[in-house]
Amino acid sequence: MTELLRVEHLNKAYGEVPVLQDISFTVNTGEVQVVLGPSGSGKSTLIRCLNGLEPYQSGTIYFQGQKVDPTPKNWQLLRQKIGMVFQSYDLFPNLNIMDNITLGPIKVQKQSKATAQKEALRLLDTVGLADYTAKFPRELSGGQKQRIAIVRALALHPDFMLFDEVTASLDPEMVRGVLEIMANLAKQKMTMIVVTHEMNFAQQIADNVLFLDDGHILESTPGKDFFTNPQTDRAKEFLQSMDF
Amino acid sequence: MTELLRVEHLNKAYGEVPVLQDISFTVNTGEVQVVLGPSGSGKSTLIRCLNGLEPYQSGTIYFQGQKVDPTPKNWQLLRQKIGMVFQSYDLFPNLNIMDNITLGPIKVQKQSKATAQKEALRLLDTVGLADYTAKFPRELSGGQKQRIAIVRALALHPDFMLFDEVTASLDPEMVRGVLEIMANLAKQKMTMIVVTHEMNFAQQIADNVLFLDDGHILESTPGKDFFTNPQTDRAKEFLQSMDF
Amino acid sequence: KPTTANAASNDSSVSAIKKRGTIKIAVFQDLPPYGWVNKKGKLTGYDLALARQVAKDLGVKTKFVQVNANNRVDALNSNKVDIVLANFTVTDERKQVVDFAKPYMKVSVGVISPKSKPITKVSQLKGKDLIVTKGTTAENYFTAQQKDVNLQKYDSKTQQFNALKNGRGVALADDNSYLYAWVKNNPKYTVGIKSIGPKQYIAPAVKKGNKSLLTWTNKEITKLNKANFFEKSYNSQLKPYFGSEVKASDIIITNK
Amino acid sequence: MSWQIIQQSLPMFQKGFILTLQMSALGILGAIILGLMCSLCQYFKIPVLKQIVGAYIELSRNTPLLIQLFFIYYGLPGIGLKLSAYTCGIIGLIFLGGSYMAEGFSGGFDGIPNSQIESGKAIGLSQGQLTRYVVFPQGFALSIPALAANIIFLIKETSIFTVIAIPELTNTALDLIGLYYHTNEYLLVLVVGYAIILIPLSIILTWLERRIRYGTFGD
Amino acid sequence: MAHSGINLIFEGQNLPRLLGGLWITIRVALIAIIAGGVLGIFLGVLRTFKNRFLRFILRLYLEFFRIVPTVVLLFLFYYILPKSMNLNLPAAEVATLVFTLWMAAEASDIVRGALISVPQHQVDSGLAIGLNRSQLYYYVLIPQSLKLMLPAMMNLISRIIKTTSLLLLISVLDVINVGQQIIEANQKQYPQGAFWVYGVIFVLYFLICYPFSLLAKKLQKD
Ligand SMILES: Nc1ncnc2c1ncn2[C@@H]1O[C@H](COP(=O)(O)OP(=O)(O)OP(=O)(O)O)[C@@H](O)[C@H]1O
Ligand SMILES: Nc1ncnc2c1ncn2[C@@H]1O[C@H](COP(=O)(O)OP(=O)(O)OP(=O)(O)O)[C@@H](O)[C@H]1O
Ligand SMILES: [Mg+2]
Ligand SMILES: [Mg+2]
């Protein structure tokens with residue numbers, strides 16, 4: 001198992017308010033790291049720090065063994081290797097599905113249009129949306145948009161993927177399709193960091209769980225143990241509150 | 001068991017598009033009717049028809065044995081007897097909590113200010129928010145706002161309550177508090193019609209389940225049976241999709 | 001002593017104008033019969049006749065720039081025009097900011113009022129509204145000498161006469177010569193005060209220090225005087241518009 | 001630039017300044033009242049009045065104040081309607097401003113989420129009570145930035161009063177320039193005069209906008 | 001009496017002359033709208049950058065043009081520009097310049113407002129697929145904000161056209177000025193000329209501005 005990502009003593013504050021405090025953890029290639037924690041505990045912020053969308057005050061991120069130099073220029077290069085999907089289905093409304101997916105490969109990675117489109121079609125097929133290339137985001141349901149957003153991130157062939165509550169604003173019936181795709185990715189040994197509120201899903205895919213509270217990592221526990229036997233009371237309480 | 005509400009052959013369309021078709025059902029005093037169904041099946045529309053927020057094309061509503069005359073004036077009077085809580089925490093941002101709750105009792109029911117405030121305080125106490133009277137909605141969390149919205153509806157001492165996905169836009173940790181209050185109301189034999197996506201909760205409180213699909217009532221089944229043994233395939237499929 | 005603008009920096013020197021091939025002249029376009037646009041849309045009048053003659057004698061084309069009374073000085077100073085031929089009365093204040101050539105017309109301030117309620121003495125104006133145009137000699141005179149008259153100050157001649165006709169003031173003060181002209185067209189009004197304040201002269205003006213054009217203009221006026229240009233011009237441009245009260249000698253300067 | 005000339009002109013400018021303020025105040029007050037009435041006609045969809053208001057708004061918004069003033073001041077006496085310059089100025093400002101204020105108010109009323117109206121209905125409020133306790137307070141708060149922007153706009157428009165010989169700030173400056181030719185000095189005082197009125201207003205406007213954006217105003 | 005006044009408009013060259021004046025007005029507005037619009041988009045983009053100094057300067061520029069009444073701007077440029085800059089422009093060109101700068105100032109604020117109201121997550125997801133800043137503006141922000149800024153732009157355009165009525169004050173031979181000449185030249189025959197001429201100009205302005213405000217309303221709705 002090779003180490004893909006290591007975070008050491010990461011600290012992040014908005015103004016005076018600390019949001020992440022002394023965060024350290026490692027993710028190995030092929031592993032699924034699930035991040036859990038109550039609302040406002042800093043999960044999104046952590047994920048955003050990991051691909052440079054948020055600057056952090058101190059700490060170091062190592063990516064594939066190399067220390068990340070946190071300049072905007074460098075992050076821009078790194079982001080090709082880090083796929084990210086957000087809660088809001090954030091496709092570009094001004095581009096059709098094909099252009100949404102191929103924008104990165106063509107403009108950033110300078111692939112030929114033909115190559116990029118061929119790959120986009122292949123990926124769309126895996127999520128069952130190969131017929132949708134010419135449509136615009138507004139013509140799609142939330143679940144479809146979110147699947148496209150995952151394809152868009154995959155089209156750059158990232159080394160690992162970040163998912164931030166990607167099913168949170170979906171209609172309950174739409175959730176399943178999206179989670180299935182993520183579960184498939186996990187099966188194919190894509191390295192992933194996943195923030196979610198779907199406990200059943202989390203339990204199914206997590207190799208390891210990071211439990212965040214108030215900006216601290218309260219525990220880092222293998223997935224198979226966390227849900228049945230969390231180490232901290234706070235986590236126990238949290239798990240209880242998640243099902244009525 | 002006395003009949004509180006009866007709906008007969010209700011039809012409703014937006015323009016040419018039928019949204020509710022031939023809806024008939026009865027709710028008895030003290031009963032909890034849960035309405036389930038996929039997104040877009042017409043649940044919200046049904047609820048909104050039941051307190052006159054949407055006009056309907058045909059059909060009859062009987063309330064406490066009396067046929068409802070569907071004029072705006074008449075609905076305005078009836079609404080005092082029908083409490084309603086929506087998905088969006090729709091407190092009036094220009095009024096503080098106390099004024100939000102007592103606006104109806106004082107202005108509509110012409111209660112004295114003292115009486116109305118006393119009752120508001122009592123109700124606030126039952127939801128654990130007695131200290132919040134002077135605050136404004138923007139100072140409250142989503143869960144708190146939703147609890148206040150329930151109190152605001154209860155303050156008019158309605159004969160029954162309508163709830164439309166009241167937890168859908170709440171953070172997962174906030175959901176529990178709101179559902180507990182609703183469960184308590186059910187225990188106190190408040191008559192309620194509840195639209196929800198929280199299956200565990202629905203199972204716990206439903207005396208009867210109406211399952212809607214595409215504007216039709218596909219089945220009306222006692223709560224204890226619906227979740228374990230739904231009559232239609234569509235309902236089975238729906239229940240499956242709701243947990244991963 | 002005024003510094004001579006040297007030829008290189010002076011865009012309005014005679015040589016510069018000749019080189020350019022056009023002379024930019026500030027004129028009124030709403031002041032019949034001096035500078036106005038007739039029904040056919042043609043720019044015409046006593047000032048315009050002079051302007052065209054000046055251009056002809058310089059051998060250049062004309063470019064007319066419309067001005068209002070209150071921006072004649074700035075039109076010169078901001079190099080919008082080379083010369084002002086817009087009924088420009090010589091006053092001490094103005095002499096400080098522009099250079100006047102030899103006068104080509106005499107004028108003094110007059111006051112017109114409705115025949116039904118004529119104003120014949122300045123004392124009748126006390127506390128009343130008197131209509132003037134901004135930047136005219138009339139405004140200057142009343143502002144400085146008759147402080148207890150309320151002035152209504154308009155931007156253009158069109159506006160001031162319109163205001164008088166709408167009865168917005170009891171009377172209107174302006175240069176008397178074209179007040180005569182105006183009442184001839186508007187017989188309900190009369191020049192109740194024919195002349196007030198000192199007799200004054202109207203002259204071409206150039207930018208301060210533009211010696212080259214000033215000298216040339218002075219020579220031109222003298223030359224035109226000798227050729228009876230102004231008399232002819234009076235007869236063709238002004239006489240048809242003036243009533244019988246006015247004689248050529250009241251208006252033009254005949255000492256040759 | 002001569003300080004002495006500026007000083008000498010200050011009493012004149014002061015008069016113009018006060019006149020500008022007075023006429024702005026009256027015109028703006030009138031415009032707000034007219035605008036509110038118009039927007040209420042539209043909000044409640046009062047038949048006939050609603051159409052009249054709609055036509056008025058389009059006419060007023062799509063023609064220049066200068067022409068409106070010319071028409072009122074020089075044109076209307078031709079058909080026997082003569083008003084003083086002062087009255088014309090204020091009428092012009094109200095005519096122009098009324099439509100802008102109406103749109104400002106309407107923007108506020110339309111900005112109230114439908115869920116607010118519905119939850120008002122759900123607790124049994126009558127149409128009148130709904131207007132009084134929900135629509136009006138919230139709509140007014142929402143329209144404040146637009147109203148403030150209109151106020152600034154209308155104050156600036158008073159500079160056009162110069163064309164009907166009202167001796168406000170701009171007229172004073174143009175007059176002094178015509179009389180004494182100290183263009184730079186007088187223009188400077190003129191700009192400063194407007195700045196004294198408009199900068200504080202503009203700062204208040206920015207502040208208001210920020211408060212409304214973060215949802216902390218009025219509610 | 002009053003109805004005969006309308007003949008004034010159709011007499012001789014009067015109507016063509018009025019329309020000629022209108023063309024001068026429109027030309028000033030047209031150039032200002034196009035040049036100012038382009039400059040405004042550029043400045044609007046600059047105003048979304050983080051550089052504090054740049055933002056301050058551009059803000060100052062905007063506020064100046066916003067606070068100083070247009071009449072005053074016209075006089076400022078008309079009188080002061082040639083004197084202090086040795087730049088000698090005819091009145092119509094000065095006006096075009098003023099209107100262009102004014103348009104650019106107001107447009108920059110509209111553009112900036114539209115750009116920053118593109119949701120943050122659009123920016124984030126653009127960055128997340130590795131776009132650099134200019135790609136982000138070109139493929140994501142500007143196309144998305146165009147729709148947001150169109151209604152306000154239409155309103156601004158109709159405001160610019162309306163405000164060209166002030167050309168009169170710096171003696172540009174615009175439609176109003178021509179109108180006054182016509183009133184003046186025909187005052188004996190048509191004492192009510194002012195009513196009709198100003199009335200016609202009123203209608204002309206309305207006919208030009210109304211389509212833009214109509215368009216703005218329509219764009220706002222969808
Ligand atoms: N842009 C910001 N400025 C200031 N504070 C912020 C900002 N974004 C987030 N925060 C604060 O940082 C803390 C962590 O927020 P974050 O969004 O990371 O939480 P989260 O764990 O993702 O919550 P959720 O489950 O609700 O998404 C919260 O207290 C939040 O209020
Ligand atoms: N105002 C409206 N105009 C036109 N169609 C509408 C309107 N409101 C709802 N609809 C349509 O009516 C149908 C039923 O909508 P409704 O909101 O009642 O569904 P729902 O069951 O409540 O869905 P959800 O679970 O997403 O809240 C949908 O197809 C919807 O698109
Ligand atoms: Mg989050
Ligand atoms: Mg619904």
Side-chain angles (χ1 to χ4, degrees), chain D residues 20 57-81 96 99 103 107 110 149 152-153 155-163 169-171 173-174 177 183-184 186-188 190-199 201-203 205-206 213, chain E residues 1-2 5 25 59 62-64 66-80 83-84 155 158-159 161-169 175-176 179-180 183 190-214 216-217 220:
Chain D
T20 292
I57 287 178
E58 292 306 338
L59 209 60
S60 146
R61 285 184 66 98
N62 291 304
T63 49
L65 177 62
L66 185 116
I67 294 296
Q68 293 169 4
L69 289 177
F70 269 174
F71 190 73
I72 302 174
Y73 191 74
Y74 297 115
L76 286 187
I79 55 167
L81 188 63
L96 177 78
S99 65
E103 304 250 292
D110 295 345
I152 290 186
F153 164 69
I155 293 175
K156 282 169 58 182
E157 290 287 287
T158 60
S159 60
I160 295 172
F161 287 172
T162 182
V163 300
L169 265 181
T170 303
N171 193 317
L174 296 184
I177 290 172
T183 314
N184 292 352
Y186 299 142
L187 283 178
L188 177 72
L190 177 61
V191 171
V192 170
Y194 281 111
I196 289 173
I197 305 174
L198 293 170
I199 288 180
L201 264 176
S202 166
I203 289 171
L205 168 70
T206 313
R213 181 154 338 129
Chain E
M1 195 62 198
T25 306
R59 180 73 202 265
L62 167 70
E63 292 300 334
F64 178 78
R66 217 183 236 165
I67 282 178
V68 181
T70 322
V71 183
V72 179
L73 283 177
L74 284 172
F75 283 114
L76 275 178
F77 279 75
Y78 186 65
Y79 287 137
I80 291 187
K83 246 188 278 187
S84 53
N155 274 327
S158 91
R159 247 172 76 208
I161 297 174
K162 269 178 13 172
T163 314
T164 53
S165 59
L166 302 180
L167 290 177
L168 163 78
L169 294 172
V175 61
I176 305 174
Q180 293 197 344
I183 296 172
Y190 296 101
Q192 275 89 41
F195 177 84
W196 290 102
V197 170
Y198 290 137
V200 165
I201 296 173
F202 189 86
V203 172
L204 284 176
Y205 265 105
F206 179 77
L207 290 180
I208 299 177
C209 294
Y210 184 54
F212 288 101
S213 82
L214 216 57
K217 282 238 171 67
Q220 225 146 21

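Order of the sequence lines fixes the chain letters, A, B, ..., with proteins taken first and strands second; residue numbering starts at 1 for each chain. The basis for the numbers below is simple: all heavy atoms, side chains too, and nothing from hydrogens, waters or symmetry mates.
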Peer 1: For D:Thr170, check side chain to side chain donor-acceptor pair (under 3.5 Å) against everything at least two apart and list the hits.
Peer 2: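 With sequence neighbours excluded, D:Thr170 shows a side chain to side chain donor-acceptor pair (under 3.5 Å) to D:Tyr194, given in chain and number order.
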Peer 1: For E:Ser158, is it the side chain, the backbone, both or neither that has a heavy atom under 4.5 Å from a heavy atom of chain D?
Peer 2: side chain
Peer 1: Which pair of non-hydrogen atoms, one from E:Val68 and one from D:Lys156, has the smallest distance, and what is that distance?
Peer 2: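 Heavy atoms only, the tightest pair is O-CE, 3.8 Å.
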Peer 1: I'd like to know whether the aromatic ring centres of D:Phe70 and E:Tyr198 sit less than 6.0 Å apart in this structure.
Peer 2: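 Centroid separation for D:Phe70 and E:Tyr198: below 6.0 Å.
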Peer 1: Select one option (side chain, backbone, both, neither) describing which atoms of D:Ile199 are under 4.5 Å from chain E's heavy atoms.
Peer 2: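 Interface part for D:Ile199: both.
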Peer 1: OH/E:Tyr78 to OG1/D:Thr183 distance, rounded to the nearest 0.5 angstrom?
Peer 2: 11.5 Å
Peer 1: Ignoring hydrogens, what is the shortest heavy-atom contact between D:Glu58 and E:Ser213? Give both atom names and the distance.
Peer 2: OE1-OG, 3.2 Å
Peer 1: Side chain from CB out, backbone as N, CA, C, O: work out which of these in D:Thr63 comes under 4.5 Å of a heavy atom of chain E, or both, or neither.
Peer 2: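 It is both, since atoms from each part get that close.
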Peer 1: With a 4.5 angstrom heavy-atom cut-off, could you sort out which part of D:Leu174 is near chain E: side chain, backbone, both or neither?
Peer 2: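 The side chain, not the backbone.
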Peer 1: Are D:Phe71 and E:Phe195 near enough that their ring centres are under 6.0 Å apart?
Peer 2: yes
Peer 1: Testing the basics here: between D:Ala195 and E:Ile67, what is the closest heavy-atom pair and its distance to 0.1 Å?
Peer 2: CA-CG2, 4.3 Å
Peer 1: From D:Phe153 CZ over to E:Arg66 CZ, what is the distance, rounded to the nearest 0.5 angstrom?
Peer 2: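 Output value for this atom pair is 13.0 Å.
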Peer 1: Do any N or O atoms from the side chain of E:Lys162 and from the backbone of D:Arg61 form a donor-acceptor pair under 3.5 angstrom?
Peer 2: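 Judged by distance alone, yes, a pair lies under 3.5 Å.
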Peer 1: Please round to the nearest 0.5 Å and tell me the distance separating atom SG of E:Cys209 and atom CG of D:Leu59.
Peer 2: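 Interatomic distance, E:Cys209 SG to D:Leu59 CG, rounded to 0.5 Å: 11.0 Å.
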Peer 1: Which atoms of E:Leu169 come close to chain D, meaning under 4.5 Å heavy atom to heavy atom: side chain ones, backbone ones, both, or neither?
Peer 2: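 When you check distances to chain D, only side chain atoms of E:Leu169 fall under 4.5 Å.
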